Amino acid sequence: MEYNYREVEQKWRAFWEENETFKTEINPSKPKYYVLDMFPYPSGAGLHVGHPLGYIASDIIARYKRLKGFNVLHPMGFDSFGLPAEQYAIQTGQHPAITTEENIATYIRQLKQIGFSYDWSKEVRTSDAKYYKWTQWIFMQLFNHYYDKDANKALKISDLVVHFSESGNKSVNAVCDEDTPNFTSEEWNRMSEYEQQSMLLKYRLTYPDESVVNWCPGLGTVLANDEVKDGVSERGGFPVEQKKMKQWAMRITAYADRLIDGLNEVDWSDSLKDQQRNWIGRSTGASVRFAVDTILDKENTPQFIEVFTTRVDTIYGVSFMVIAPELESVPFLTTPEQKEAVDEYVKWVASRSELDRMSEVKKVSGVFTGSYVINPFNNEKVPIYLADYVLAGYGTGAVMGVPSGDQRDWNFATHFNLPIVPILDAQKDIDTQADNTKEGKYINSGMINGLEYKEATKVLTQFLEEKGIGKGKIQYRLRNAVFSRQRYWGEPVPAYFKDGLPYLIKESELPLTLPVIDKYLPTETGEPPLGRAEGWMYSPLTPRGRISDSQFAGESSPPGGGGGYPYELSTMPGWAGSSWYWYRYMDAHNETEFASQESINYWKAVDLYIGGSEHATGHLLYSRFWNKFLKDLGLVPEEEFAKKLINQGMIQGRSNFVYRVKNSPLTSRGGILDSNIESESSPSGGGGGLFVSAGLRHDYETTPIHVDVNIVNNDVLDIEAFKAWREDFVNAEFILEDGKYVCGVEVEKMSKSKYNVVNPDILVDKVGADTLRLYEMFLGPLEQAKPWNTNGIDGSFRFIKKVWRLFYDDQDTLKVKDEAPTPAELKVLHTAIKKVEEDLERYSFNTVVSTLMICVNDLGTLKCSKKAILRELVILMSPYTPHIAEELWTILGNEAGTISYTNFPTFNPVYLVEANFEYPISINGKVRANLSFPTDALPADIEAVVRENEIVMKWLEGKEIKKVIVVPKRIVNVVM
RNA sequence: AACCCCUUAGCCCAAUCGGCAGAGGCACUUGUCUUAGAAACAAGAUAGUGUAAGUUCGAAUCUUACAGGGGCUACCA
């Protein structure tokens with residue numbers, strides 16, 4: 001009888017659940033290890049085989065670390081707020097909480113059947129009020145803090161207020177809005193409540209702000225920069241436009257330097273760190289003010305235009321100034337003569353979508369405003385242009401044009417016939433293109449003529465600072481993050497508005513739960529969905545809009561009695577709940593803190609974090625930001641929350657195709673070899689079509705049609721299943737090759753519409769969870785993207801059966817013996833122990849599988865069924881194939897459930913020691929002979945023997961030996 | 001356009017410090033078993049590492065250029 005995986009796996013999963021085998025408690029006597037998966041958004045489609053890839057890897061590490069004596073925290077939860085559930089709610093009217101609940105149930109069922117060793121008692125859901133109470137709480141802390149540059153950390157706003165009232169803001173070195181004015185303590189103390197609160201908003205780490213945002217009409221909400229891809233929304237692919245709106249923002253820029261510097265501390269992939277560095281985009285340069293020479297409107301024309309440049313040394317090469325067409329100062333810099341042209345250009349720019357703009361990057365466009373600025377270094381008049389290659393959102397939205405040194409400026413200058421002045425003697429070919437070299441000495445450059453780059457920059461910066469018209473400056477690409485979504489299914493912001501200014505509710509009033517609404521759409525007046533909630537108002541005595549634990553039970557809040565202050569109508573974005581969840585797992589049911597200090601100080605930070613690289617500039621950046629903030633507050637001990645991070649590669653779909661012959665009614669098959677056609681012979685039936693096998697398709701004109709990969713085996717179509725698959729194929733006919741219908745193949749994204757989705761449920765049923773786990777790891781290196789191909793899974797299945805056969809013979813008799821192992825058996829075992837351990841330590845999951853296969857093959861060859869060997873083998877296997885390992889472990893007489901916490905086998909090098917080593921002897925790099933020497937033979941002795949060797953002599957053909965290189969236990973190379 | 005990763009047998013992949021290119025799996029071939037097929041078991045065949053150059057006693061591994069595939073960003077002044 002064969003191994004009955006269905007029964008055995010079922011049994012152990014039930015055992016683990018009943019006995020809470022993987023429940024974890026704080027245990028200071030053991031070293032801790034925290035293995036975390038990026039928690040999923042529970043979508044309606046359930047899991048496909050790509051999802052568990054990372055989870056399997058992390059589970060293997062979790063199980064391995066337990067065997068190595070660590071106290072392992074390995075939890076799972078759900079990022080359960082989000083757009084899809086809400087979109088579904090809009091369509092069906094069903095509360096997102098209900099669909100979310102159902103989807104989570106499916107996820108849990110699917111996850112459990114793969115045999116993960118999660119401590120389910122620590123599960124979290126971001127949409128649970130008990131969880132988002134603390135998301136809201138962290139938001140409140142952000143509101144109550146500012147970033148002090150001297151202390152280089154977040155400090156309390158209340159301390160700032162004290163400072164203001166004592167000595168104004170001049171001596172405060174804090175991160176704040178650009179337009180923050182200076183004031184004295186007297187001025188501060190004279191300010192009204194309204195003025196003071198408005199001023200403080202310029203410092204708070206989260207604040208409502210009127211800013212240009214990515215507005216997505218299709219989704220009815222704003223989006224963060226990382227949620228917009230190629231000018232359309234990441235979710236749904238709707239167009240995105242720029243719109244000015246009042247939004248909550250997070251002052252993440254305050255942490256820009258620490259976010260960059262912290263990357264040096266963590267063991268993440270270079271590409272991921274690069275992505276974050278690029279996203280933050282720190283560039284060092286200088287700001288320079290150019291005085292405006294053409295004053296058109298005394299009130300509104302700016303006195304100067306400030307630019308940021310990384311190449312202040314090129315300032316003598318400036319031949320024009322460009323400002324972004326979106327800037328508010330544009331009309332006041334436009335002369336009457338140019339007004340028409342400028343208006344037209346501004347209109348044209350506004351009419352173009354992000355997509356148009358991106359696709360026309362190469363085209364030069366722009367218009368002259370008619371006015372000028374003065375170059376402060378040579379007092380030359382410089383014309384001001386508008387051009388859309390300058391972005392309003394970066395720096396000051398203005399750029400000094402240096403055509404000899406910058407290709408974009410060169411293109412612009414050439415197009416508008418502006419002078420191109422060389423500034424370095426090393427610049428080449430500037431008639432045909434810009435040369436951005438820093439080599440050589442400056443020419444045409446006033447005070448820096450004859451100097452070199454480094455010195456010139458110093459001289460110029462000094463001049464700027466002395467004259468008060470500029471200074472050295474560090475500019476970031478990173479923007480403060482928009483933190484509002486005009487959606488329903490997210491965390492309510494625990495703030496209300498009084499006189500248009502935000503105030504927090506009391507901590508004791510948390511959580512502010514989502515109210516019941518009738519429809520999940522914006523209101524008639526365009527307010528977010530929460531605008532529909534009755535009584536969504538705060539009154540200090542009885543906060544309204546609250547629903548108790550059952551958020552969606554339907555009882556509405558007491559009707560608002562008219563009083564109170566309106567709550568914020570936006571909700572928090574998807575990344576709010578995911579920016580701190582790893583702490584909640586540590587103490588998931590704490591009602592007085594987001595997690596106890598005891599648990600945080602024990603578990604500290606994540607030791608291994610596994611998830612997709614698509615979160616590089618979203619979740620992983622925001623999480624680092626919140627973590628640093630919590631560290632500043634002294635609430636968490638580590639600056640970086642995830643020390644080691646692995647991005648698992650995406651599992652792509654492998655689509656199969658059938659080829660329908662065009663224009664081939666079934667009756668017209670006269671010319672085709674009839675014997676090749678398998679037919680149910682219903683010639684006039686309701687169609688069905690004629691399908692040609694992939695190898696023969698070029699003889700016909702065909703239409704490829706996606707076919708469900710689940711009815712294809714090794715690219716051979718199951719014809720009966722195909723006919724049953726879709727009604728219109730009932731009468732299909734086939735042109736076969738070698739008696740088979742072979743399907744075509746293509747690698748694409750895994751998606752329902754391509755019929756290439758492979759469901760893990762089916763595989764667990766067909767071959768078992770252990771085989772699935774083993775096979776997913778065996779596919780290749782974890783980080784690498786790879787197509788899913790079920791074909792090879794038989795090999796993993798066979799492995800499981802082979803292991804079983806080491807224990808039971810054909811007659812189903814247990815053949816395990818208590819005899820002492822032989823040296824050969826011990827060598828096989830210890831080779832595997834060494835390799836499994838080394839490979840797991842370096843996260844080489846795929847090679848461990850083949851190591852186990854080799855070990856089992858070798859033990860099979862040795863006909864080894866000795867208990868002492870098999871016991872260790874079972875432990876080695878257990879992280880990968882926990883079910884069969886548990887079964888065999890008890891068969892060997894051990895107590896059920898104890899294998900997870902036993903000791904990993906100890907490698908003993910003694911068993912691997914060989915008396916001799918067979919040296920390959922190469923002559924000029926080519927192997928010509930093999931000679932055996934004792935392993936401890938001295939290189940000099942080996943060389944002496946090799947020099948005398950007959951085969952070597954023969955190859956020398958009388959020539960001199962120049963050198964003999966002996967690499968102990970590797971190779972000998974004779975050079976002649 | 002920049003940056004990062006990848007390219008080894010028909011396919012998926014090993015080769016950890018530069019030291020005999022092959023461990024494992026799929027597919028394939030042959031055999032054992034079988035009425036037959038499948039399964040199982042056993043045996044076997046297959047590449048010289050994308051291309052070109054360089055460094056080295058020695059290169060899949062290091063360097064440079066090019067080609068192909070993938071990812072990420074996209075006028076960042």
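None of the values given here were measured: they were computed from a predicted structure. Quick note on labels: first sequence line is chain A, next is B, and so on, each numbered from 1.
- The side chain of A:Arg477 contributes no N or O atom lying less than 4.0 Å from OP1 or OP2 of B:rA77.
- Considering only side-chain atoms of A:Arg842, the nucleotide from B:rC76, B:rA77, B:rU16 that sits closest is B:rU16.
- Of the candidates B:rC13, B:rG24, B:rU16, B:rG24 carries the atom nearest the A:Phe778 side chain, counting heavy atoms from C-beta on.
- The side chain of A:Pro920 sits closest to B:rC20 out of B:rC20, B:rC76, B:rA23.
- A:Tyr775 and A:Asp794 share no side-chain donor-acceptor pair at under 3.5 Å.
- In B:rC17 the base sits syn relative to the sugar, since the glycosidic angle is no further than 90° from 0.
- No close placement of the A:Phe304 and A:Phe290 rings is indicated, their centers lying 6.0 Å or farther apart.
- Of the N and O atoms on the side chains of A:Gln475 and A:Arg282, not one donor lies less than 3.5 Å from an acceptor on the other residue.
- For the P atoms, the distance from B:rC11 to B:rC75 is 40 Å, rounded to whole Å.
- Mapping A:Arg408 and A:Asp270 onto RNA chain B by nearest heavy atom places A:Asp270 at the nucleotide closer to the 5' end.
- When the C1' atom is used for both B:rU34 and B:rG70, the distance is 48 Å, rounded to whole Å.
- Counting non-hydrogen atoms under 4.0 angstrom, A:Thr617 reaches nothing in the nucleic acid.
- In the set B:rC13, B:rC20, B:rA77, the nucleotide with an atom closest to the side chain of A:Asn930 is B:rC20.
- For A:Asn857 and B:rC41, the CG to C1' distance is 12 Å, given to the nearest whole Å.
- Taking atom OH of residue A:Tyr843 and atom P of nucleotide B:rU16, one finds them 20 Å apart after rounding to whole Å.
- At B:rA77, one or more side-chain N or O atoms of A:Ser283 fall inside 4.0 Å of OP1 or OP2 (strictly under the cut-off).
- When the P atom is compared between B:rA9 and B:rU46, the two are found 15 Å apart, to the nearest whole Å.
- Which of B:rA77, B:rC41, B:rC13 sits closest to the side chain of A:Leu391 comes down to B:rA77.
- Here A:Arg282 does not reach the OP1 or OP2 of B:rC76: none of its side-chain N or O atoms lies under 4.0 Å away.
- In this structure, the ring of A:Tyr808 has its center no less than 6.0 angstrom from the ring center of A:Tyr3.
- When heavy atoms are screened at a 4.0 angstrom cut-off, A:Ser271 is found touching the sugar-phosphate backbone but no base atom.
- Using a 4.0 Å heavy-atom cutoff across all strands shown, A:Leu779 reaches sugar-phosphate atoms only and no base atom.
- Within 4.0 Å of A:Lys834, counting heavy atoms only, lies no atom of the nucleic acid at all.
- Distances were taken from every side-chain heavy atom of A:Gln275 (C-beta onward) to each of B:rC41, B:rC72, B:rC4; the shortest belongs to B:rC72.
- Nucleic acid contact class of A:Val399 (heavy atoms, under 4.0 Å, all strands): base.
- Cation-pi contact between A:Lys438 and A:Tyr453: present, with separation from the ring centre below 6.0 Å and deviation from the ring axis of at most 45°.
- Pairing for B:rA43 goes to B:rU29, judged as Watson-Crick or G-U wobble with the two contacts each under 3.5 Å.
- In this structure, A:Tyr5 atom OH and B:rA39 atom C1' are separated by 14 Å, rounded to whole Å.
- Going from atom CZ of A:Phe845 over to atom C1' of B:rU16 covers 16 Å, rounded to whole Å.
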(message) Between A:Glu776 and A:Lys786, does the salt bridge (charged side-chain N to carboxylate O under 4.0 Å, His left out) criterion hold? Intermediate values first, please.
(response) CA-CA 11 Å; A:Glu776 291 226 5; A:Lys786 54 225 159 203; over 6 Å; no
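- As rounded to the nearest Å, B:rA21 and B:rG48 have P atoms that lie 14 Å from one another.
- Classification of B:rG48 as syn follows from a glycosidic angle within 90° of 0.
- Checking B:rG19, B:rA77, B:rA40 against the side-chain heavy atoms of A:Asn973 singles out B:rG19 as nearest.
- Judged by the 6.0 Å and 45° rule, A:Arg773 forms no cation-pi pair with A:Tyr880.
- Residue A:Pro781 is classed as a sugar-phosphate contact, given heavy-atom separations below 4.0 Å to backbone atoms only.
- Between the P atom of B:rG25 and the CD1 atom of A:Ile800 lies a distance of 14 Å, rounded to the nearest Å.
- Using atom C1' as the reference point in both B:rC4 and B:rG25, the two lie 30 Å apart (nearest Å).
- In this structure, the CD atom of A:Gln652 is 9 Å from the P atom of B:rG70, given to the nearest Å.
- The six-membered or imidazole ring of A:Phe933 lies away from that of A:Phe917, with a centre-to-centre distance of 6.0 Å or more.
- Across the strands present, B:rC62 finds its partner in B:rG54; the criterion is a Watson-Crick or G-U wobble pair with both atom distances under 3.5 angstrom.
- Using C1' as the reference atom, B:rG68 and B:rU51 are 10 Å apart when rounded to the nearest Å.
- The side chain of A:Thr847 lies closest to B:rA14, out of B:rA77, B:rA40, B:rA14.
- Pairing for B:rA14 is absent, with no Watson-Crick or G-U wobble pair whose two atom distances lie under 3.5 Å.
- The nearest heavy atom of RNA chain B to A:Ile971 and to A:Ser613 marks one nucleotide each, and the one closer to the 5' end goes with A:Ile971.
- For A:Gln407, no side-chain nitrogen or oxygen approaches OP1 or OP2 of B:rA77 to under 4.0 Å.
- Between the CG atom of A:Leu931 and the P atom of B:rC20 there is a distance of 16 Å, rounded to whole Å.
- A:Glu838 comes within 4.0 angstrom of a nucleotide base, judged by non-hydrogen atoms across all strands.
- B:rA14 and B:rG24 have their C1' atoms separated by 8 Å, with the value rounded to a whole Å.
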(message) Walk me through whether A:Arg842 and A:Glu838 qualify under salt bridge (charged side-chain N to carboxylate O under 4.0 Å, His left out).
(response) CA-CA 7 Å; A:Arg842 66 190 176 107; A:Glu838 282 174 2; over 6 Å; no
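- Of all nucleotides present, only B:rG71 satisfies the Watson-Crick or G-U wobble test against B:rC3, with each distance under 3.5 Å.
- Within a 6.0 Å radius of NZ in A:Lys834, no more than 12 heavy atoms belonging to other residues, nucleotides or ligands are found.
- A:Arg928 has its CZ atom 14 Å from the C1' atom of B:rG58, to the nearest Å.
- Among the protein residues, A:Asp274 comes within range of the sugar-phosphate backbone only, with heavy atoms under 4.0 Å from sugar or phosphate atoms but none that close to a base.
- Within 4.0 Å (heavy atoms only), A:Glu614 reaches no atom of the nucleic acid at all.
- Here B:rA14 is the nucleotide among B:rC76, B:rG24, B:rA14 with the atom lying nearest to any side-chain atom of A:Asn846.
- Separating the P atom of B:rC20 from that of B:rC12 is a span of 25 Å, rounded to the nearest Å.
- Of the candidate nucleotides B:rC76, B:rG25, B:rA23, B:rG25 has the atom nearest to the side chain of A:Arg798.
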